Amino acid sequence: MTTPLLELSGLTKAYPGVVANSEVSFDIARGEVHALLGENGAGKSTLVKTIYGLVQPDAGTMRLDGQPFAPPEPRAARAAGVAMVFQHFSLFDAMSVAENVALGMETPPALNRLAAQIREVSQSYGLPLDPDRIVGDLSAGERQRVEIVRCLLQEPRLLIMDEPTSVLTPQEVQILFETLRKLRAEGVSILYISHKLEEIRTICDSATILRHGKVVGKCDPKVTAARDMAEQMVGATLSTPSRAGGRTGEVVLELTGLSAPAPRAFGTALKHIDLSLRAGEVLGIGGVAGNGQDELAMALSGEMSVAPGMIRLKGREIGTVGVNARRRMGLLCAPEERMGHAAAPDMSLTENALLTAGPREDLVRHGFLRWGRARGFAERVIERFDVRTPGAGTAARALSGGNLQKFVIGREIMQRPEVLVVNQPTWGVDAAAAATIRQALLDLAEAGAALIVISQDLDELMEISDRFAALNGGSLSAPRPAEGLGIDEIGMMLGGAHDMTPAHGEG
Amino acid sequence: MIRLDRRPEPSRAWTIATPFVAVALTMVAGGLMFALLGKDPVEAIRTIFWDPLFGDFASYSRPQLLVKAGPLILIAIGLSLGFRAGIWNIGAEGQYILGAICAAATGLAIYPAETWIVFPAMIVAGALGGLLWAMIPALLKVRFGTNEVLVSLMLVYVAEALLASMSLGLLRNPEGMGFPGSRNLAQYPSAANLDLIPGTGLHWGVALAFAAVIVGQVVMTRHQLGFRVRLAGQSPRAAVFGGVNPGWLVVVCMGISGGLAGLAGMFEVAGPAGRLSIDFNVGYGFTAIIVAFLGRLNPIGILLAGLLMALTYIGGELAQLQMNLPLAAIQMFQGMLLFFLLAVDLLTNFSIRFGRRVAA
């Protein structure tokens, strides 16, 4: 037990123009939960991909159990006992749980035997899972269980988890932590990637902090303050967004019995959503991914048409009004998915400015595009929101996720909306930029705009919302004042643990 | 080990260079093929690319260049609009035929009255014929979600059957002594689409093709329609978010490409071809697909590609006559051009690395 399970020394990986990892060295002990902390772009993903055999390092070595370890591909890593749960699931919606698990295995056993194994493993680790259910019908939390169970069937010695709690309700997080503790007790090491510091303080035994591809600190998260860790991650002191008062004006947006069928297979139908939103107010909408967030955003933006009276903007029925007409009326939207929805990846930032700002910024006249104005507008967004890019002519896909997010949110904010709907405004954005975006949203509300912020980040919602509501299975809970709302109440609003009460302690 | 690395941004240099590299590679591979057929590759390449313009019979073949390039460019400009939006009209050949049938029918209905209205009426009829034929796959796609590739392609064969029926029946020349085919419209002064400058091959259709290049370029770079077309082609979801109605775009793109193909058919039947006959269509509608891609779906590129394609057609005929090259070899040579273009096109978005992978 003296040698660590995995030793990394001097791992370096450079991509054209960026060094993702530079001389990264640390050890993961047996039976510990080791946190890997860092901002987006700090090099966490590259590092775990190296361990998992997806990326070959330019320099440096790894030792597993004291033996040299350099997996040329994930299969070799899995054979050596390394398993990974990705942030984005690779599951087929139309297939059953057992079929999905079988697809990820080198030599899957017969399906009924595999189903029995899945039941056994999921029960013993407190992750109840029915192998015969179709994945498309599962909640995000249940899907994650499929991925975890898939890994556990390989009896790993090292389990890598990339942002595992981003799709979970607070209750589901507790279930997951129980499972991780159980695994730890059995001697499995866990490399836990997250930027949620409170979670790391709860579950992790040690932490390595990455910044710009380098290890900038190691600490015991149980005794280190969250703020200290955050500042090490960012390399600067952090400021919390603030707003002056809570003055609200007249009702500007009203949803009355907003219902819509699911726009695609395995989408979520919206069920009788009632809501009224006042000028100057920020309404936070929480919920686990896949509970109708996208559908609600699309119904509000106009991408999805509903009955006319279901949505009223300043008294006018707009349920069937098109996207650009709603923009002209002052209702703007920023969707969750940046690439391919909020922005066209292969188009320049100027062209992406034209994507939504045409009607309000007067970028189109008699059907002809006013490139000069469009470029000017794009440049103003770039400057005001500190978008790191060589210029407005750069293709959107060349920007990092966080920078593009700043651009697409900034693009809507700069159009002075009267009602702004944002979905996951700071998803994948580093802490400093997230603070900028949140502050800009609050400033907008301060100036009299009504905001709906849809997010899975509860801390973010509590920080900026006046009222809070939760989406669960396409229904919206009655909004409640955000101030003084406890985590348990929020959890109940989110739908608890989705009828999957944990099996911990029961058997 | 060869690896492909995705470029962060499409390479501008390669965007411009790929057609030239593709032409060069086609010459090399084509030359090899001609050599294997026992012909002198240098002479074959020269016969195809050089002789039509500067050879002994150039005075005959030079005007043919415009006659053949005109319809190719006109159709390809229309197709490129849809292709950029991810709307695949493969049936331009059928729309071309319908344009010709409608235009010829209009002209023949007025025959033999000599009035200025005949030619404009034929233009309108030709455009409408192609447009309406293209509306069949367009509306089926919008309403029922059918695949426009299949429907538009199948309609080509329907159009061909219709053409045969027309040239043998309804539109057959009553003074043609039983031969199939309509009256010769080129000999009906009010309907004839003659050279604007005699001996150059520059007829109204060619002039319209050049105009279409300019309008196409303006639409693609300066007009909202062009922007929406590109947006829909690159990211359909972003396009909807940007306010594009996908069904509307299908109708517009299919309508424009069908209308232009119909016009190409009209100018052909009233000019170079002169009459409707069973073998009126010679594949312009299909070749225009190659022209559109060879020109990188860019109007200026299509202009150049159309001229190049016309050159290989005329040169190919010359090579058949003078060097006894089989038609199949010429067609393969033209196919190589598209093959190499699509292959080299990869370099726009990817860079090739000849590197070793670090092994375990």
Side-chain angles (χ1 to χ4, degrees), chain A residues 15-17 53 55-59 68-73 76 297-298 301-304 322-327 333-335 337-348 351-352 354-359 363-371 374 390 393-399 408, chain B residues 1 3-12 14-15 84-86 145 215-249 252 256 296-298 345 348-353 355-360:
Chain A
Y15 291 107
V55 166
Q56 314 305 320
D58 297 335
F69 176 63
E73 54 179 353
M298 281 169 73
S301 72
E303 289 162 273
M304 191 166 83
V323 185
N324 278 328
R326 290 189 196 192
R327 290 199 176 107
C333 243
E337 184 63 43
R338 301 178 274 254
M339 286 290 185
H341 192 183
D346 287 328
M347 287 191 160
S348 71
E351 288 171 301
N352 273 299
L354 265 169
L355 183 69
T356 68
L363 306 181
V364 181
R365 184 158 286 182
H366 307 304
F368 284 91
L369 309 169
R370 306 172 85 187
W371 284 114
T394 310
R397 77 162 189 242
L399 268 64
V408 298
Chain B
M1 179 107 190
R3 276 189 303 148
L4 289 173
D5 282 350
R6 195 175 170 86
R7 297 180 194 274
E9 285 186 74
S11 157
R12 280 193 82 81
W14 273 112
T15 308
R84 282 236 177 160
V215 173
Q217 181 69 13
V218 171
V219 165
M220 285 319 287
T221 56
R222 309 223 156 259
H223 197 270
Q224 198 168 21
L225 175 63
F227 179 69
R228 292 184 161 178
V229 158
R230 287 189 293 133
L231 194 56
Q234 291 182 8
S235 9
R237 260 197 108 184
V240 174
F241 179 60
V244 179
N245 176 342
W248 170 87
L249 199 66
V252 169
I256 291 177
R296 313 206 45 87
L297 305 182
N298 170 299
D345 196 36
T348 319
N349 278 310
F350 293 87
S351 59
I352 296 184
R353 284 174 181 275
R356 65 199 160 78
R357 262 179 82 129
V358 186

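Source: prediction; values computed, not measured. Letters A, B, ... mirror the listed sequences (proteins, then strands); counts begin at 1.
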Name the member of B/Ala238, B/Ala239, B/Pro236 that forms the most heavy-atom pairs with chain A at distances under 4.5 Å. B/Ala238
Can you tell me which of [options] forms the most heavy-atom pairs within a distance under 4.5 Å of chain B?
options	answer
A/Ala342, A/Pro335, A/Pro359	A/Pro335
A/Val323, A/Leu399, A/Leu355	A/Leu355
A/Cys333, A/Ser301, A/Ala325	A/Cys333

Let me know if [X] has heavy atoms under 4.5 Å from chain B in its side chain, its backbone, both or neither.
X	value
A/Ala343	backbone
A/Leu363	neither
A/Met339	neither

For residues A/His366 and B/His223, report the shortest heavy-atom separation together with the two atoms involved. O-NE2, 4.2 Å
So, for A/Ala344 and B/Gln234, which heavy atoms are closest and what is the spacing to 0.1 Å? CB-OE1, 4.5 Å
Measure B/Val218 against the heavy atoms of chain A and call it side chain, backbone, both or neither at under 4.5 Å. side chain
Under 4.0 Å between a side-chain nitrogen and a carboxylate oxygen: does that hold for A/Glu351 and B/Arg230? yes
Would you call B/Gln224 and A/Leu369 a side-chain contact if the rule is heavy atoms closer than 4.5 Å? yes
Can you find a pair of side-chain heavy atoms, one from B/Arg222 and one from A/Arg370, that are under 4.5 Å apart? no
Cation-aromatic face contact A/Arg327/B/Phe241, 6.0 Å, 45 degrees: yes
If you round to the nearest 0.5 Å, how far is OG of B/Ser235 from CE of A/Met347? 7.0 Å
Which distance, rounded to the nearest 0.5 Å, do you find between the CZ of A/Phe368 and the CZ of B/Phe227? 15.5 Å
